Structure formats: C-alpha cells, structure tokens
Amino acid sequence: MNENATVTIARLNTADEAFAGQLDALLDWEGVSDSAVQARVNDILANVKRHGDAAVIEATNRFDRVSVTQMDELRLTAEQLRQAFESLPAEQRDALARAAERIRRYHEHQKPTSWQYEEPDGTVLGQQVTAIDRAGIYVPGGKAAYPSSVLMNAIPAHVAGVQEIIMVVPTPDGVLNDLVLAAAHVAGVDQVFTIGGAQAIAALAYGTESVPRVDKIVGPGNIYVATAKRAVFGQVGIDMIAGPSEIMVVSDGLTDPDWLAMDLFSQAEHDEDAQAILVSWNAQHLADVEAAIERLLPTLERADIVRESLRRRGALVHCRDAEEAVTLINRVAPEHLELSVETPDAWLAGIRHAGAIFMGRYTAEALGDYCAGPNHVLPTSGTARFSSPLGVYDFQKRSSLIHCSAEGASALGEVASVLARGESLTAHARSAEYRIKPS
C-alpha cells in the first residue's frame with residue numbers, strides 16, 4: 001500500500017458548459033465482453049453441454065488450480081454446511097442468524113397473492129402465482145467472500161416457495177470459506193457445488209449427471225460469469241447482468257465529512273471499476289469531504305483499490321440546489337442512493353430512478369449490504385430506470401386464469417370473431433364462433 005499517494009477524484013460543477021459531457025464520460029461503462037471472452041465462454045458452454053460432469057471437472061481443475069477426478073469431490077453435503085456454521089465464533093453465528101431473520105421478514109412482505117373475480121355472466125378471471133421449481137445461485141469466490149450474497153439470493157427464493165436451491169461457489173486453490181458455507185446453511189440451500197465461472201453457469205443452465213438443471217440463475221460474478229449468463233438466457237431465466245457497484249450520496253452539507261468519505265469508500269473498495277459520487281450544493285462541504293478522503297484513505301486495508309476506483313470513476317459534484325440534485329439522481333439512476341439530508345422523505349416524490357434509497361444521515365449504505373432487510377442485489381449502470389431489486393417476485397411466475405360461462409363464451413365469441421377475421425385468422429374466428437349461442 002502506498003500511503004503517501006495523493007487521492008485523485010474528479011471535481012465537477014453543473015454550471016460548467018462541459019458538465020453534461022463530463023457526466024456522460026464518468027457514467028460510461030461497457031459491460032459487454034470482447035470477442036475473445038465471448039469465444040472462450042462459448043467453448044466452455046458447448047463443452048459442458050456436450051460432456052457434462054467431465055467438462056466441469058476439467059474446467060474447474062484448470063481455472064481454480066485444483067486436482068479432482070469426480071464431481072463428488074466438488075459437492076458439499078448439508079452436514080458440511082452445518083459443521084461450517086457451528087465452527088464459527090458465536091459472534092459470527094449470531095450476526096448471520098440476525099441478518100437472515102431481518103432479510104426473511106422483509107421479503108415476507110413482498111409475497112404476492114393469487115386472485116380471482118367473477119363477472120355478472122358467471123365468467124371468472126384471475127391470476128395464479130406459483131414459484132419456480134429450482135433456483136441456481138452463483139456466489140463469487142475471487143477477490144473476496146460474500147456470505148451476504150448467499151443470504152440475499154437464497155432467502156427470497158425460500159420465501160417465494162422454491163422447492164430446491166442449488167448454490168455454486170468457486171474455491172480457487174481448493175480454499176473453502178466457512179462463513180460462506182455457514183450462510184448457505186442458515187439460508188437453507190439444498191446443494192452446494194464448489195465450481196465457478198462459465199462452467200458453473202453452464203452446469204446450472206443445461207444440467208449434468210450431477211448438477212441439476214435449474215429454472216433461473218441469480219447472483220453476481222466476473223465478466224466470464226456475466227457473459228455466460230447472457231448466453232444461456234432463454235434456456236433459463238436470469239436476474240440481471242450486473243455491472244460494478246455504485247453509490248451516489250447527496251448531502252445538504254450538514255453530515256460529518258468523515259462519515260461521507262467512508263460511505264464513498266464502502267463501494268469503491270469492491271473493485272477498481274466501482275463508482276462513488278458525492279453531490280452537494282455546498283462547495284465548502286465538498287472540500288471538507290475531499291480533505292477527509294485524503295486523510296482517511298491511507299487507513300484502509302484496500303486503499304489501493306479505493307484510490308484507483310476514485311481516480312477512474314469517482315466524482316465530487318457541485319450543483320446549484322436540491323432541485324438540481326434530484327435531476328442528477330434521475331439522470332444517473334444509481335444502484336445505491338444515500339439521501340444524507342435533513343428531511344429525506346420530502347425528496348421521495350421526485351426520485352424516479354434508484355435501486356435502493358438510504359434515507360437520512362444515519363442510514364449508511366453498508367447497513368443495506370448486510371442486515372437492514374431489503375435486498376442488496378440491485379440494478380446497476382443506469383438500469384434502475386427499468387429494473388428493480390431482486391425479490392420474492394423474481395422466483396415466482398404468474399398464470400392467467402380464464403373460466404368462461406356459457407353466456408360469457410357467447411358474448412366474448414362475438415368480439416373475438418370480428419377481431420380474428422380482421423386478422424384473417426379464420427380458425428381462430430370459427431373456434432370462437434362455435435361457442436356463440438344462437439340468437
């Protein structure tokens with residue numbers, strides 16, 4: 001760690017003529033893999049589809065630097081997960097259990113219900129909500145271990161009523177992380193395979209002799225995982241193609257600069273492509289936060305990653321007023337939005353695009369990452385314009401219910417007949433006309 005390195009973070013001002021272009025450049029992140037990555041992923045997917053377990057074993061030995069000969073060596077039993085949980089210090093066991101309970105309680109409120117209504121002629125219309133049969137959860141195992149991701153992905157699936165949850169997690173050099181395995185135990189994961197990368201996505205999407213085929217794959221991963229998820233979409237459902245982590249903090253100038261600096265660090269430390277932006281209409285406050293960044297950054301374990309993240313994609317933005325700050329929020333559509341202001345509730349009506357909104361000075365984004373309750377799997381790279389956080393609804397589907405009475409079928413048949421013949425689909429028309437009562 002270079003503790004003497006100066007932090008470089010962009011200082012932007014909305015009053016500058018060049019601001020719009022500067023903001024576009026700051027937000028520009030291309031998550032699509034290059035042709036070389038796509039070619040490698042396509043080869044792996046095809047190999048797993050064709051050769052099953054053997055291809056998964058070969059790729060795992062090659063990429064994770066292990067030496068196994070059969071899939072049983074890459075499978076963890078429920079007993080191993082339980083032992084991992086029980087081996088943890090009591091403080092960690094308690095923290096996992098408390099976080100899991102809060103996440104479960106929040107997601108219970110999301111459960112949609114089936115419904116029906118009856119029309120005067122006796123026709124019944126409605127909607128039936130059912131869970132998918134089997135979900136696959138990808139948990140990263142590279143630069144850091146993420147037990148919180150296990151809880152956030154598996155618990156909503158359980159609440160939704162998914163019958164079986166399969167988890168995959170890479171273990172480079174064969175190193176298992178007990179906290180991740182313990183989280184799988186707490187979250188009720190049914191099977192765990194210590195595989196990762198495109199080969200894990202292929203195994204979940206196509207199924208192998210050992211890995212069951214799933215209906216939907218959720219969870220973040222590196223560029224190979226993202227590319228593979230995009231490729232298998234259609235064979236299975238996916239949650240999203242996740243980009244780097246993001247945080248946007250809006251401050252009225254009255255929050256402790258040290259708090260805000262650390263809030264920005266909390267996302268920047270994920271990786272060098274993560275993004276941290278602070279917006280305020282108080283120029284002195286921005287300067288105070290910048291000074292706090294300079295002073296506190298050398299104290300971080302991941303200081304080099306944070307420094308590079310702030311240099312590449314960080315910014316301190318001076319805007320005209322609170323109204324312009326709202327405009328910026330909706331333009332950026334941030335994954336995480338902190339409203340570090342006196343009356344955050346008053347801002348909500350104007351905010352249309354944000355993955356999760358952390359309200360008030362005391363609500364650090366980090367609380368949402370672990371234990372507040374709402375899901376931390378959120379839309380990134382501006383996709384909050386049309387996407388939502390992962391939730392119970394992602395593990396359920398809806399079937400329309402239509403039960404016509406004789407009178408209803410006759411009345412609807414007349415309408416359908418006219419429209420079908422207008423489309424020159426005479427079989428449609430005649431099918432409906434058979435049910436029309438003679439006048």
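Every value quoted in this text rests on a predicted model; they were computed, and no experiment measured them.
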Participant: Heavy-atom count around Glu79 CD within 6.0 Å, excluding the residue itself: above 12?
Facilitator: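 Counting neighbours around CD of Glu79, more than 12 heavy atoms of other residues, nucleotides or ligands fall under 6.0 Å, so yes.
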
Participant: Does the side chain of Lys216 come within less than 4.5 Å of Val162's, by heavy atoms?
Facilitator: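 No, too far: nothing below the 4.5 Å cut-off.
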
Participant: For Arg40 and Asp34: C-alpha separation, side-chain torsions, deciding distance, then whether salt bridge (charged side-chain N to carboxylate O under 4.0 Å, His left out) applies.
Facilitator: CA-CA 10 Å; Arg40 285 195 289 271; Asp34 61 29; 5.2 Å; no

Participant: Passes salt bridge (charged side-chain N to carboxylate O under 4.0 Å, His left out), Asp190 versus Arg134? Steps please.
Facilitator: CA-CA 10 Å; Asp190 293 291; Arg134 186 181 288 131; over 6 Å; no

Participant: Quickly, which of Leu176, Leu88, Val189 forms a side chain to side chain contact (heavy atoms under 4.5 Å, CB included) with Leu181? Name it, please.
Facilitator: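 Option passing the side chain to side chain contact (heavy atoms under 4.5 Å, CB included) with Leu181: Leu176.
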
Participant: Check Val66 against Thr60 and note the closest heavy-atom contact, atom names and distance.
Facilitator: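 What the structure gives for the nearest pair is CG2-O, 3.6 Å.
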
Participant: State plainly whether the residues Arg331 and Asp24 are in salt-bridge range, i.e. N to O under 4.0 Å.
Facilitator: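 Salt bridge present between Arg331 and Asp24.
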
Participant: For the residue pair Ile44 and Tyr224, establish whether any side-chain heavy-atom pair is separated by less than 4.5 Å.
Facilitator: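 Side chain of Ile44 against side chain of Tyr224, heavy atoms only: no contact under 4.5 Å found.
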
Participant: With heavy-atom distances below 4.5 Å as the criterion, would you say the side chains of Glu365 and Gln267 are in contact?
Facilitator: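 Yes, their side chains come closer than 4.5 Å.
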
Participant: Consider only side-chain N and O atoms of Thr380 and Glu246, and report whether a donor and an acceptor are under 3.5 Å apart.
Facilitator: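 Distance-only check fails for Thr380 and Glu246.
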
Participant: Any side-chain heavy-atom pair from Phe395 and Val218 closer than 4.5 angstrom?
Facilitator: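 Result yes, sub-4.5 Å side-chain heavy-atom pair found.
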
Participant: Can Arg313 and Asp273 be said to form a salt bridge (charged side-chain N to carboxylate O under 4.0 Å, His left out), step by step?
Facilitator: CA-CA 7 Å; Arg313 307 193 71 218; Asp273 288 324; 5.9 Å; no

Participant: Report yes if the side chains of Ser148 and Asp369 come closer than 4.5 Å at any heavy-atom pair, otherwise no.
Facilitator: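 Sidechains of Asp369 and Ser148: no contact.
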
Participant: Less than 4.5 Å apart, side chain to side chain, heavy atoms only: is that true for Gln199 and Glu58?
Facilitator: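 No. Closest side-chain heavy atoms not under 4.5 Å.
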
Participant: Could Arg105 and Glu108 be called an ion pair, given the rule that one side-chain N must be under 4.0 Å from one carboxylate O?
Facilitator: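 So Arg105 does not pair with Glu108 through a salt bridge.
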
Participant: Is it true that, when you exclude Arg398 itself, more than 12 heavy atoms of the residues, nucleotides or ligands shown sit nearer than 6.0 Å to its CZ?
Facilitator: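 Count not over threshold, so no.
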
Participant: Could you tell me if the side chain of Val129 sits less than 4.5 Å from the side chain of Trp115, heavy atoms only?
Facilitator: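 Answer no - side chains too far apart.
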
Participant: When you measure from the side chain of Ser309 to the backbone of Ala274, do you find a donor-acceptor pair of N or O atoms at a distance under 3.5 Å?
Facilitator: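 Yes, Ser309 side chain to Ala274 backbone: donor-acceptor pair under 3.5 Å.
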
Participant: Ignoring hydrogens, what is the shortest heavy-atom contact between Ala99 and Leu151? Give both atom names and the distance.
Facilitator: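 Closest heavy-atom pair between Ala99 and Leu151: CB-CD1, 4.0 Å.
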
Participant: May I ask you to decide whether Arg213 forms a salt bridge with Asp133, counting only side-chain N to carboxylate O separations under 4.0 Å?
Facilitator: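 So Arg213 does not pair with Asp133 through a salt bridge.
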
Participant: So, the side chain of Asp16 versus the backbone of Ala18: is there a donor-acceptor pair under 3.5 Å, distance only?
Facilitator: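 Answer holds: no.
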
Participant: Just by distance, no angles: are the side chains of Gln284 and Asp288 close enough, under 3.5 Å, to form a donor-acceptor pair?
Facilitator: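 Judged by distance alone, the side chains do pair up.
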
Participant: Examine distances only and state if a side-chain atom of Glu73 and a backbone atom of Gln70 form a donor-acceptor pair shorter than 3.5 Å.
Facilitator: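 Yes: the side chain of Glu73 pairs with the backbone of Gln70.
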
Participant: Any donor-acceptor pair under 3.5 Å linking the side chain of Asn153 with the backbone of Ser149?
Facilitator: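 Such a contact is found between Asn153 side chain and Ser149 backbone.
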
Participant: How about Arg98: does its CZ atom have over 12 heavy atoms from other parts shown lying under 6.0 Å from it?
Facilitator: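 Counting neighbours around CZ of Arg98, 12 or fewer heavy atoms of other residues, nucleotides or ligands fall under 6.0 Å, so no.
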
